[in-house]
Amino acid sequence: MPKSLGLNVLSRSFPVLLVLAVFLFFGGATVLFWYHQNREERELAFRHTETSAEQIVIRVEGLMKARMASLRVLAERWVERTPPDFSRDRFLQFAEDIYVHYPVFKTISWIDPEGLMRWAFPEEKNTQAKGRREILQEVGAYRPLTVTPCAPFNGEGFTFEAFIPLFHQQALQGYLEGAFEVNRIMSLCLAEDIFKDFRVRLYEGGERIYASEEESAPSVMQNRLHVVREIRFPGKIWRLDLESSPLIYSSGSVANLSSLAFGLALSAILSLLLLFLLQRMRMYKEARDQAFHEIGKRERAQEALQENEKKLESLLLELSRKNEELETFVYTVSHDLKTPIVTIEGFIGALREDFGDLLSREGEKYLTYMSDAARKMEMLINDLL
């Protein structure tokens, strides 16, 4: 490939390469900004999720520790009176006071040493403590607090029970029981905004005991943030799983697509404008080069014309000089040629004048020929002049 052709191809492809480089630069900057924006949003959403999870843990632990403590206060107040009063009215009075001022109790019950539920607040129709006898036999009377595992209760969600034994004069009087419903605990501890921003799930062991909403599709769940924390209070260890909603965080592959599309479109527009500008500049340069080329051609033509005019003037001057020389030469030649003719004609006239009588007819004829030839020669010289 000739060198000039290679340079021409390179000069024509350079604007396209430059525009492509500009688009890659601005597009790369847009993608980088989009990536950092998603990263910052994910970090903020994760911090918000962590903070919310810590708040839920603090609220649930604080609430349940306070409720367990209130159950102990009831037990202590009941046995502190002398003489002791374990009457139904006194129990219901204490139970109502705690039930009203410390909400979250499902029931507060008094169970005799044999496992029979004697009284309950609020009062229940079935006073037989189902399963409590077996529980109390396993627990015994010497554990200060026993908490049962969470279990479904009559379709109302998971519940658990806490048992505190009461002793008077080293004799077991019975058990105070507080029943708690997990849904009610969470409704008291969680604000409405939590349900808008997060999905809350509680697990005890491997079993889920609470969920704020139904399970999502796996393809949606994997794009959310998860924070796991432990909730600890007397007798319980729960696992809290807090999952962000799409309002808080969406997957980075689909988040802020509008800003990414806008940035890439703007990069493309800027690149096209640059390409248009480079094309206009190339067209202007070609037009300018063409104009300069035409001006150069005209200047060269004008210079050639001026040079030809100078040559013509020189030739005319030379021709004039040659004409003058020719005129001089012709004048000189004609003068030199006419002199002999005049001499000839003079001598012919002298011969006729002096020897006309002696000349024969033939001699006169010769003189006439000579005179005619001389006059003819003179006419030729006059015509030449």
Rounded to the nearest 0.5 Å, what separates atom [atom1] in [X] from atom [atom2] in [Y]?
{"X": "Arg90", "Y": "Trp110", "atom1": "CZ", "atom2": "CH2", "value": "11.0 Å"}
{"X": "Met186", "Y": "Arg59", "atom1": "CE", "atom2": "CZ", "value": "10.5 Å"}
{"X": "Cys189", "Y": "Ile58", "atom1": "SG", "atom2": "CD1", "value": "11.5 Å"}
{"X": "Leu63", "Y": "Ile231", "atom1": "CG", "atom2": "CD1", "value": "11.0 Å"}
{"X": "Leu240", "Y": "Ile56", "atom1": "CG", "atom2": "CD1", "value": "5.5 Å"}
{"X": "Leu305", "Y": "Arg300", "atom1": "CG", "atom2": "CZ", "value": "15.0 Å"}

Exercise. What's the verdict on side chain to side chain contact (heavy atoms under 4.5 Å, CB included) for Val200 and Leu190, showing C-alpha distance, side-chain angles and the deciding distance?
Worked result: CA-CA 9 Å; Val200 184; Leu190 301 181; 4.1 Å; yes

In plain terms, say whether [X] and [Y] are close enough for a salt bridge, that is, a side-chain N and a carboxylate O under 4.0 Å apart.
{"X": "Glu43", "Y": "Arg47", "answer": "yes"}
{"X": "Glu318", "Y": "Lys322", "answer": "yes"}
{"X": "Glu294", "Y": "Arg298", "answer": "no"}
{"X": "Glu204", "Y": "Lys236", "answer": "yes"}
{"X": "Arg201", "Y": "Glu243", "answer": "yes"}
{"X": "Glu161", "Y": "Lys106", "answer": "no"}

Is the shortest side-chain heavy-atom distance between [X] and [Y] below 4.5 Å?
{"X": "Leu166", "Y": "Tyr175", "value": "no"}
{"X": "Ser52", "Y": "Asp197", "value": "no"}
{"X": "Met281", "Y": "Lys285", "value": "no"}
{"X": "Val182", "Y": "Cys150", "value": "yes"}
{"X": "Leu202", "Y": "Arg208", "value": "no"}
{"X": "Phe158", "Y": "Glu207", "value": "yes"}
{"X": "Lys196", "Y": "Asp193", "value": "yes"}

Looking at every heavy atom in both [X] and [Y], which two are closest together, and how far apart are they?
{"X": "Pro144", "Y": "Pro165", "result": "O-CD, 3.5 Å"}
{"X": "Ser371", "Y": "Ile348", "result": "N-CD1, 3.6 Å"}
{"X": "Leu225", "Y": "Ala45", "result": "CD1-CB, 3.6 Å"}
{"X": "Tyr99", "Y": "Arg184", "result": "OH-NH1, 3.6 Å"}
{"X": "Ile108", "Y": "Ala95", "result": "CD1-O, 3.7 Å"}
{"X": "Glu61", "Y": "Arg232", "result": "OE2-N, 2.8 Å"}

Problem set entry | Result of checking Leu71, Leu145, Thr148 against Phe163 for side chain to side chain contact (heavy atoms under 4.5 Å, CB included) | Thr148

For this session: Before giving the answer on side chain to side chain contact (heavy atoms under 4.5 Å, CB included), spell out for Ile185 and Phe160 the whole-Å C-alpha distance, their side-chain angles and the decisive distance to 0.1 Å.
Result: CA-CA 11 Å; Ile185 294 172; Phe160 65 94; 3.9 Å; yes

Problem set entry | Whether Trp238 and Phe233 hold their rings parallel, tilted or perpendicular, with breakpoints at 30° and 60° | perpendicular

Exercise. How are the rings of Phe198 and His48 set to each other: parallel, tilted or perpendicular (split at 30° and 60°)?
Worked result: tilted

Flag yes if [X] and [Y] sit in one hydrophobic cluster, no otherwise; membership is Ile, Leu, Val, Met, Phe, Trp, Tyr, and two members link when side-chain heavy atoms are under 4.5 Å apart.
{"X": "Leu278", "Y": "Phe25", "value": "yes"}
{"X": "Leu188", "Y": "Val57", "value": "yes"}
{"X": "Val73", "Y": "Phe94", "value": "no"}

Would the distance check show the side chain of [X] and the main-chain N or O of [Y] forming a donor-acceptor pair, the cut-off being under 3.5 Å?
{"X": "Arg72", "Y": "Arg67", "value": "no"}
{"X": "Asn308", "Y": "Ala304", "value": "yes"}
{"X": "Ser320", "Y": "Leu317", "value": "no"}

Exercise. Between Asp289 and His293, does any side-chain donor sit less than 3.5 Å from a side-chain acceptor?
Worked result: no

Problem set entry | Pair His226-Phe46, side chain to side chain contact (heavy atoms under 4.5 Å, CB included): steps then yes or no | CA-CA 8 Å; His226 287 266; Phe46 185 71; over 6 Å; no

For this session: Show your reasoning for whether side chain to side chain contact (heavy atoms under 4.5 Å, CB included) applies to Arg229 and Glu50.
Result: CA-CA 9 Å; Arg229 292 290 184 273; Glu50 282 189 327; 3.6 Å; yes

Exercise. Are Phe180 and Phe105 near enough that their ring centres are under 6.0 Å apart?
Worked result: yes

Exercise. Does a sphere of radius 6.0 Å around CZ in Arg321 hold more than 12 heavy atoms from other residues, nucleotides or ligands, not counting ones at 6.0 Å or beyond?
Worked result: yes

